[in-house]
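Each chain gets a letter, A, B and so on, in the order its sequence line appears, and its residues count up from 1.
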Amino acid sequence: MQDLDEFRQEVRQWLEANCPPSQRQPITPPEQYWGGRRGSFPSEDARIWFERMRDRGWIAPDWPTRYGGGGLSDRESRVIKQEMQRIRARTPLYGIGLWMLGPALLEYGNEAQKQRHIRAIINGESRWAQGYSEPGAGSDLASLQCRAQDMGDHFLVNGSKIWTTAADKCDWIFCLVRTNTEVKKQEGISFLLIDMDDPGISTTPIALISGESEFCQTFFDNVKVPKENLVGELNKGWSVAKALLVHERKLMAEMGSDSPRKVVAPNEAARKYLEFDNGRITDAQLRSDLVDYNMQMHAIALTHFRTFEEKASGVRSAAPLAMKYLGTEAEKTKSELLLAIMGSRGLGWEGEGFTTEELDTLRLWAMSKAMTIAGGSSEIQLNVIAKSVLELPQQAEK
Amino acid sequence: MPLVLNEEQRLLRDTAREFLAGNAPVAAMRKLRDERDALGYDALLWRKMAELGWASIILPEAYGGLDFGFLGLGVVMEECGRTLAASPLFASAAVGASALLLGGNSEQKAALLPQIAAGELTLALALEETHHHRPTHISTTAVPEGEGFVLNGGKTFVLDGHSADKLIVVARSSEDDRNAQGLTLLLVDRQTPGLSCQRTVMADSRNAANLRFDNVRVGADCLVGEAGQGWAILEPVLDRGRVALAAEMMGCALEAFERTVAYLKQREQFGVPIGSFQALQHRAAQMQADIELCRSVLLQALSAVDETPEQLPMLASLAKAKLNELVKRVTNEAVQMHGGIGVTDEMDIGFFLKRARVTMQVFGDTGFHKDRYATLCGY
Ligand SMILES: Cc1cc2nc3c(=O)[nH]c(=O)nc-3n(C[C@H](O)[C@H](O)[C@H](O)COP(=O)(O)OP(=O)(O)OC[C@H]3O[C@@H](n4cnc5c(N)ncnc54)[C@H](O)[C@@H]3O)c2cc1C
C-alpha cells in the first residue's frame with residue numbers, strides 16, 4: 001500500500017506536468033482521437049497529450065512493455081485511471097483495438113500477431129472494427145454464416161457483417177467466420193483479422209435514431225485473407241470471441257461513469273432546471289426519481305469497486321456478469337431522467353432555441369437505447385446469469 | 001355511459017384509419033422531417049381532413065361543425081397517433097376551438113368558429129413560459145391601454161406557434177406570478193407588430209416555437225372571456241387538450257406495440273421466433289394488460305368532456321398520467337425488442353419513441369398529473 005501511495009504521488013506529479021490544460025476539459029465527439037490511417041488529431045494539444053502518454057507507456061498501462069505497454073499491475077493501472085479522472089484528463093486514444101481486440105490478442109494471438117498489431121494499436125496506427133453480428137445472427141451470434149473457405153495458402157471470405165461500428169473509418173476488422181458447416185455451430189467458427197483495404201470489401205453506413213451514422217453493413221466479396229491472420233486455432237474462434245466479449249461488456253458496464261460527452265449529470269441538471277424550496281426539490285416525482293437513480297449508481301460504483309478487489313484477491317462472485325446489464329440499464333434511466341428534469345428544454349433536436357448541452361442530452365438519450373442492445377442485449381445478459389450462475393435448466397434449442 | 005364506441009364512432013375510426021393510411025402514413029411524416037418543411041405539415045392533407053369534418057369535429061352544427069363530441073375527436077386523434085400524422089388537429093381543432101367554445105363571446109364564435117370548422121383558420125395556445133408545464137406560472141403581462149391591452153413577455157413550446165393564424169395568449173393582468181387569479185386570455189393575430197417567433201426543431205420533428213411579445217397592442221375585441229378570469233376557461237381547455245392528446249398517445253403506443261408484436265412473431269434467433277421466449281412474452285403480455293387499463297381510462301375521460309364535465313379534472317389527470325407511462329414503456333420496449341434494427345433511422349420505431357417523449361411533456365408530465373390527482377383527492 002505504501003508503494004501504491006508513492007506511485008500515486010508520482011502519477012499525480014507526472015500528469016500535472018504533462019497533461020495540457022486544454023486536455024482537462026470534458027470532451028465532445030469531434031475532439032476524440034481514434035487513431036488509424038484515416039484518423040487525425042483534433043488539435044495540437046491532443047497530439048502532444050497522446051504522444052506523451054504513449055511514450056510513458058500509459059496508453060495501455062497494463063499491457064507488456066515489449067509491445068509498448070506500461071507493464072503495470074491492475075492496481076497501478078487503476079491508480080492512473082483514478083488520477084486521470086481526478087484532473088478530468090481526457091482519454092488520449094479511443095478505440096476498440098485498445099479496449100477489446102488488444103486484450104484478446106494478448107491472450108490468444110501468436111507472437112507475430114502481437115508484434116504486428118499490439119504496438120500499432122498503442123501507437124494509434126490502426127483503428128479496428130468488430131465484425132461479429134450478421135443480419136441473421138445477433139443474439140444468436142454462433143449461427144453466423146459469413147464463410148471463410150480454406151484455399152491452401154489463404155482464406156476466401158464471402159458474406160456480410162452488420163452493425164459494424166465505424167467500419168468505414170477503420171483500417172482493420174476482426175471477424176468471426178464460418179470455417180466448418182458440418183459441426184455444432186460454435187465449433188465451426190474461426191477468428192480472422194482482415195485488412196479493410198483488401199479488395200472485395202465494401203461498407204454501407206446505416207443511420208441511427210440519434211441522427212448519427214456510426215455503424216455500417218460491411219460486405220465481403222471473395223476477399224483473400226492470408227493464413228497468418230487466423231487468431232488461435234482453426235474452428236476454435238468461439239473461445240476467442242467469448243473472451244473478447246468479456247472485455248466489451250466490461251467496457252460497456254463502465255461507460256456511464258466515463259461518458260465522453262459534455263452532458264450534465266442529473267444532480268447538476270436538477271439544480272439548473274428544477275425548483276428548490278429550502279434545499280429540497282419541490283417536484284415530488286422528480287425528486288424521488290433522482291434519488292432512485294443516485295442510489296442505484298452509488299450501489300453500482302461500490303460493486304465495481306468490489307469486483308476489482310475480488311479479482312485482485314482471487315475471489316469469484318456473480319457480480320461481473322451483472323455489470324453490463326446494470327450499467328447500461330442505468331444509463332438509459334439516467335437519460336430518461338435528464339429529459340424529465342429538463343422538460344421541454346430536453347426535447348430539442350437541432351437549431352436555435354437550445355444550448356449545445358441540451359441538444360447533446362437528447363442525442364445521447366437516443367443512443368442510450370442502443371447500449372442495452374449492443375454487446376449482447378440485456379435479455380442475453382440475464383440469460384447468461386440464469387444459466388451460468390443460477391444453473392437453471394435450459395430449454396432445448398431447436 | 002357505455003365504455004364502448006358506438007356504431008357511428010366505429011365507422012369514423014375505420015374511415016380515419018383508411019384515410020390516414022393512404023394520405024398520411026409514417027412515411028409522410030418522415031418526408032416532412034427530411035425536407036425540413038417550412039409549414040411543418042401538409043396543407044393539402046389538412047384541407048382533406050377538413051373536408052372529412054375533422055377540423056370541426058367537436059363544434060356544434062350551428063357553426064358548421066360535425067358535432068361528434070370528444071369521443072369522436074378521440075377516435076380521430078388516436079388514428080393520427082398511429083401514423084404520427086402532423087396537422088393542426090390538436091392545437092387548433094381540439095385546443096383552440098375549445099377555448100373559443102368555452103370562452104368566446106357570440107360575435108367571436110360567429111366570426112371564427114365557421115372558419116375553424118372549414119380548416120381555413122388555425123389557432124395555437126401560447127401558454128408555457130418555462131420548460132415544465134406550470135399553467136399558473138405566467139408572467140407575460142396584459143396591461144389595459146385605452147380599450148385594449150398591451151402584451152409583453154415570452155412563451156415557449158408553443159405547439160404550431162409558427163404556423164397558426166391566431167394565437168390564444170395566456171397573460172397576466174393582475175396578481176402575482178403564480179396565481180390562477182388574474183389571468184387573461186387574448187386572441188392575437190400572429191402577424192401583429194411586436195410579435196416575433198422562433199421556430200424550434202424538436203425530437204418529434206413536429207411544430208413548436210418560442211414567441212416574444214414586445215409591446216404587442218390588441219383591441220378589446222380580442223379578449224376571450226373576462227379580463228382576470230382566464231383560469232375558469234383555461235383549466236377546462238387544458239383538460240380537454242390533455243384527453244385529446246391522451247388519445248393520440250394511445251394510438252402511438254398501440255401502433256408501436258402492434259409492430260413489435262408482429263416483429264416478435266417474425267424475427268428468428270436460436271432457430272425459433274424470438275416471440276417464443278417467455279422473457280419477451282411476459283413483457284408483451286404486461287403491456288397488453290396496461291393497454292386495457294388505459295383504454296378504459298381514456299374512454300371515460302373522453303366522454304366526461306361532454307357528459308360529466310365536473311369529473312373531468314380528475315379523469316384528465318388520470319388519463320394523461322397513465323398514458324404518459326404507457327407510451328414511455330411501450331416505445332422503450334419496442335426499441336429494445338427490435339434489437340439492433342430498432343435503433344436505426346430506417347426503421348419507423350424511433351419516430352414513435354421521439355413523438356412519445358414530446359407528448360409526455362405537453363400539458364403536464366407524469367409528476368404534474370399525479371400531484372394534481374392527489375390534490376383533487378384531498379391528500
Ligand atoms: C449501437 C450498436 C453498435 C453495435 N456495434 C457492433 C459492432 O461494432 N460489431 C458487431 O458485430 N455488432 C455490433 N452491434 C450488434 C449487436 O451486437 C447486436 O445488435 C446484438 O447482439 C443483438 O442482435 P440483433 O440486433 O440481431 O437483435 P436480436 O438478436 O434479433 O434480438 C431482438 C430482441 O430479441 C431479444 N432476444 C433474442 N434472443 C433472446 C433470448 N434467447 N431470450 C430473450 N430475449 C431474446 C433480444 O434481447 C432483443 O430484445 C451493435 C449494436 C448496436 C445497437
Can you tell me if [X] uses its side chain to pair, donor with acceptor, with the backbone of [Y] under 3.5 Å?
X      : Y      : value
B:Q361 : A:G343 : no
A:D140 : B:F270 : yes
B:H131 : A:Y273 : yes
B:Q269 : A:G136 : yes
B:K354 : A:I209 : yes

Are [X] and [Y] side-chain neighbours, meaning at least one heavy-atom pair lies under 4.5 Å?
X      : Y      : answer
A:F215 : B:V343 : yes
A:K369 : B:L353 : yes
A:I373 : B:V335 : yes
A:E336 : B:K328 : yes
B:R283 : A:E379 : yes
A:L274 : B:H132 : yes
A:L347 : B:F157 : yes
A:W163 : B:T344 : yes

Could you grab the distance from atom [atom1] of [X] to atom [atom2] of [Y], nearest 0.5 Å is fine?
X      : Y      : atom1 : atom2 : answer
B:I274 : A:S139 : CD1   : OG    : 7.5 Å
A:D283 : B:F368 : CG    : CZ    : 10.5 Å
B:N332 : A:K332 : CG    : NZ    : 6.0 Å
A:L208 : B:E346 : CG    : CD    : 11.0 Å

Quick one: what part of [X] sits under 4.5 Å from any heavy atom of chain A, side chain, backbone, both or neither?
X      : result
B:D371 : neither
B:D204 : neither
B:I341 : both
B:I349 : neither
B:S205 : neither

Less than 4.0 Å between a side-chain N and a carboxylate O, is that true for A:E350 and B:R33?
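Here B:R33 does not pair with A:E350 in a salt bridge, since their nearest N and O are not under 4.0 Å apart.
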Which atoms of [X] come close to chain B, meaning under 4.5 Å heavy atom to heavy atom: side chain ones, backbone ones, both, or neither?
X      : result
A:A370 : both
A:A137 : backbone
A:L359 : neither
A:S213 : neither
A:L362 : side chain

So which atom in B:R357 and which in A:W365 form the shortest heavy-atom distance, rounded to 0.1 Å?
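Nearest pair, atom of B:R357 first, then A:W365: CG-CZ2, 3.2 Å.
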Between B:H133, B:R199, B:H338, B:R267, the one whose heavy-atom pairs under 4.5 Å with chain A are most numerous:
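Ranked by contacts with chain A, first place is B:R267.
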Picking from B:E268, B:M360, B:Q198, which has the most non-hydrogen pairs under 4.5 angstrom with chain A?
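Maximum pair count with chain A is reached by B:Q198.
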Just by distance, with hydrogens left out, do B:K370 and A:Q285 show a side-chain donor and acceptor under 3.5 Å apart?
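Yes.
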Could you tell me whether the side chains of B:Q336 and A:T372 share a donor-acceptor contact shorter than 3.5 Å?
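Yes - a donor-acceptor pair under 3.5 Å links their side chains.
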Considering residues at least two apart in sequence or located in another chain, which fulfil the side-chain hydrogen bond (donor to acceptor under 3.5 Å, both in side chains) criterion with A:K242?
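Here no residue qualifies.
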Residue A:Q394 excluded, over 12 heavy atoms near CD under 6.0 Å
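Yes, the 6.0 Å shell around CD holds more than 12 heavy atoms from other groups.
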Report, as yes or no, whether the 6.0 Å neighbourhood of atom OH on A:Y293 holds more than 12 heavy atoms from other residues, nucleotides or ligands.
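Yes, enclosed.
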What verdict does the side-chain hydrogen bond (donor to acceptor under 3.5 Å, both in side chains) test give for B:E128 and A:S344, after you've listed the backbone C-alpha separation in whole Å, the side-chain angles of each residue and the deciding distance to 0.1 Å?
CA-CA 10 Å; B:E128 311 291 359; A:S344 57; over 6 Å; no
